[in-house]
Undergrad: 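Below: one structure in structure tokens.
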Amino acid sequence: MKNILSANEHLPSTALRAEISASLNLECYLDLDDTPLEKSDLFVQLLKHDIIEDNADTYTRLLGCDWKTREHFIHNSRKFQEYMNSDLVKGDLDSLFLSNQVNIHIKNLITDNASEYIQDGTRKGLVQLVRFAIEHKRELSIDAIGKLVSSGVPTQDVVILLEHHLEILSKDAILAILQSLDGDYPKLASSARDKLEVPNTPANHALLKRLKHLDIVSAYNSKDNTIKVGKV
């Protein structure tokens with residue numbers, strides 16, 4: 001079997017190699033050690049013939065290959081979202097969210113469980129995760145947002161994600177997040193009556209409205225691209 005699958009010079013067609021292997025009527029799934037790792041759709045062809053198992057061990061084997069090979073496997077897998085975890089995709093988050101081949105249900109699952117993926121994700125991957133969440137109006141948990149603050153994700157994206165939780169967050173919880181953001185946001189969390197301004201966006205208007213209700217902000221006025229803020 002290993003000789004057949006490794007004969008890419010004599011049998012360049014991955015479909016043919018998989019078909020020949022399937023004709024041997026194996027009684028159990030092929031040992032992954034006998035499956036050559038190559039930049040092709042060989043694993044997909046073997047998957048279609050039910051020669052290799054659709055599970056985490058098989059995908060782990062593909063971590064030694066390139067993203068295109070893994071992307072094609074994910075696209076053809078029927079069970080990937082059942083065994084997907086942070087260890088399997090942490091290095092591919094940016095490519096995964098940018099891919100047109102990866103099912104949106106997989107992206108939704110990662111977003112809904114973002115806390116599990118943020119800790120090990122790269123900055124590029126987390127930026128794409130956040131952009132997907134904002135574009136598709138997916139709510140991230142407070143825990144996930146808290147972890148994103150120190151991950152290099154753009155501050156304005158964090159403010160947008162925070163908007164979903166403003167009404168239920170306590171004053172202390174909101175101030176703790178603002179203290180960790182870039183720009184003038186830490187001034188909102190300080191006791192000093194600093195003059196400050198933030199970008200003129202709907203998310204910032206929602207934030208300032210909540211801060212005014214909490215007696216942190218006294219007034220705010222928008223002009224052009226900025227909002228000037230006065231503190232209590």
Side-chain angles (χ1 to χ4, degrees), residues 1-133 135-138 140-141 144:
M1 174 67 75
K2 187 173 183 178
N3 291 336
I4 295 173
L5 295 176
S6 300
N8 55 327
E9 291 187 6
H10 302 290
L11 294 172
S13 170
T14 55
L16 181 58
R17 278 183 275 156
E19 187 176 342
I20 294 173
S21 300
S23 69
L24 299 178
N25 298 317
L26 299 176
E27 295 182 356
C28 57
Y29 287 114
L30 185 65
D31 189 327
L32 292 175
D33 290 335
D34 292 331
T35 311
L37 196 60
E38 59 180 64
K39 297 179 180 180
S40 72
D41 68 342
L42 177 61
F43 272 62
V44 170
Q45 295 298 332
L46 296 175
L47 195 64
K48 289 179 177 179
H49 286 280
D50 199 30
I51 297 173
I52 57 174
E53 196 166 4
D54 191 354
N55 64 12
D57 288 339
T58 298
Y59 191 82
T60 298
R61 174 89 165 130
L62 289 176
L63 293 179
C65 209
D66 63 336
W67 162 247
K68 284 297 181 183
T69 300
R70 293 192 291 277
E71 178 185 40
H72 199 37
F73 184 90
I74 294 173
H75 179 71
N76 286 276
S77 168
R78 295 182 179 181
K79 298 180 179 181
F80 185 73
Q81 63 189 58
E82 296 176 14
Y83 57 79
M84 176 182 65
N85 58 52
S86 175
D87 288 337
L88 294 180
V89 301
K90 61 186 178 183
D92 291 326
L93 277 182
D94 56 328
S95 299
L96 186 151
F97 277 103
L98 289 170
S99 172
N100 293 323
Q101 290 195 48
V102 176
N103 192 295
I104 193 171
H105 296 300
I106 290 175
K107 298 177 182 180
N108 286 339
L109 187 61
I110 294 174
T111 306
D112 293 344
N113 297 278
S115 291
E116 300 175 17
Y117 295 86
I118 289 172
Q119 186 171 352
D120 297 321
T122 64
R123 181 186 181 279
K124 289 195 304 181
L126 298 182
V127 166
Q128 293 305 324
L129 186 158
V130 167
R131 287 179 179 173
F132 176 86
E135 180 180 351
H136 294 269
K137 302 185 186 307
R138 309 291 295 190
L140 267 61
S141 69

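Quantities reported herein were computed from a predicted structural model and do not represent experimental measurements.
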Undergrad: Rounded to the nearest 0.5 Å, what's the gap from OG1 on Thr122 to CG on Leu129? Could you check?
TA: 10.5 Å
Undergrad: Test side chain to side chain contact (heavy atoms under 4.5 Å, CB included) on Asp54 and Phe73; report intermediate values, then the result.
TA: CA-CA 10 Å; Asp54 191 354; Phe73 184 90; 4.1 Å; yes
Undergrad: Can you confirm whether more than 12 heavy atoms, excluding those of Gln119, are under 6.0 Å from its CD atom?
TA: no
Undergrad: Distance from His75 atom NE2 to Ile106 atom CD1, nearest 0.5 Å?
TA: 10.5 Å
Undergrad: Looking only at heavy atoms, which two atoms of Ala22 and Ile51 are closest? And how far apart?
TA: N-CD1, 3.6 Å
Undergrad: With heavy-atom distances below 4.5 Å as the criterion, would you say the side chains of Leu96 and Lys107 are in contact?
TA: yes
Undergrad: Would you give the length of the straight line joining atom CG of Leu47 to atom CG of Leu42, rounded to the nearest 0.5 angstrom?
TA: 11.0 Å
Undergrad: Nearest 0.5 angstrom please: Ile110 CD1 to Phe132 CZ, how far?
TA: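 The CD1 atom of Ile110 sits 9.0 Å away from the CZ atom of Phe132.
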Undergrad: Walk me through whether Tyr117 and Leu126 qualify under side chain to side chain contact (heavy atoms under 4.5 Å, CB included).
TA: CA-CA 8 Å; Tyr117 295 86; Leu126 298 182; 5.8 Å; no
Undergrad: Side-chain contact test, heavy atoms from C-beta onward, threshold under 4.5 Å: evaluate it for Arg61 versus Leu37 and give yes or no.
TA: yes
Undergrad: Working to the nearest 0.5 angstrom, can you tell me the gap between Ser40 OG and Gln45 CD?
TA: 8.5 Å
Undergrad: Nearest heavy-atom pair of Asp87 and Lys90: which atoms, and what distance?
TA: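 Heavy atoms of Asp87 and Lys90 come nearest at OD1-NZ, 3.9 Å.
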Undergrad: Donor-acceptor pair, Ser99 side chain versus Ser95 backbone, under 3.5 Å?
TA: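 Absent.
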Undergrad: Is the closest side-chain heavy-atom distance between Thr69 and Phe43 below 4.5 Å?
TA: no
Undergrad: Side-chain contact, heavy-atom cut-off 4.5 Å: Gln128 with Leu93?
TA: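 Gln128 vs Leu93: side chains apart.
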Undergrad: I need the Thr35 OG1 to Asp33 CG distance, nearest 0.5 Å.
TA: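 Reported to 0.5 Å precision, the distance equals 8.0 Å.
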Undergrad: Got a donor-acceptor contact below 3.5 angstrom from the Arg70 side chain to the Asp92 backbone?
TA: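 Side chain of Arg70 to backbone of Asp92, a donor-acceptor pair under 3.5 Å: no, none is there.
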Undergrad: Side-chain contact, heavy-atom cut-off 4.5 Å: Val130 with Phe97?
TA: no
Undergrad: Does one side chain, of Thr58 or Asn55, offer a donor that lies under 3.5 Å from an acceptor on the other?
TA: yes
Undergrad: Check the pair Asn108 / Thr111 against side chain to side chain donor-acceptor pair (under 3.5 Å), numbers first and verdict last.
TA: CA-CA 5 Å; Asn108 286 339; Thr111 306; 5.3 Å; no
Undergrad: Taking the side chain as every heavy atom from C-beta outward, state whether Lys39 and Cys65 have any pair of such atoms under 4.5 Å apart.
TA: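 Yes. Closest side-chain heavy atoms under 4.5 Å.
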Undergrad: Under 30°, 30 to 60°, or over 60°: which ring-plane class applies to Phe80 and Tyr83, parallel, tilted or perpendicular?
TA: perpendicular
Undergrad: With a 4.5 Å limit on heavy-atom distance, are the side chains of Val127 and Asp94 in contact?
TA: no
Undergrad: Compare every heavy atom of Ala144 with every heavy atom of Ser115, then report the nearest pair and how far apart it is.
TA: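 What the structure gives for the nearest pair is OG-N, 3.3 Å.
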Undergrad: So do the side chains of Ile74 and Tyr59 get within less than 4.5 Å of each other, counting heavy atoms only?
TA: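 Contact flag for Ile74/Tyr59 side chains = yes.
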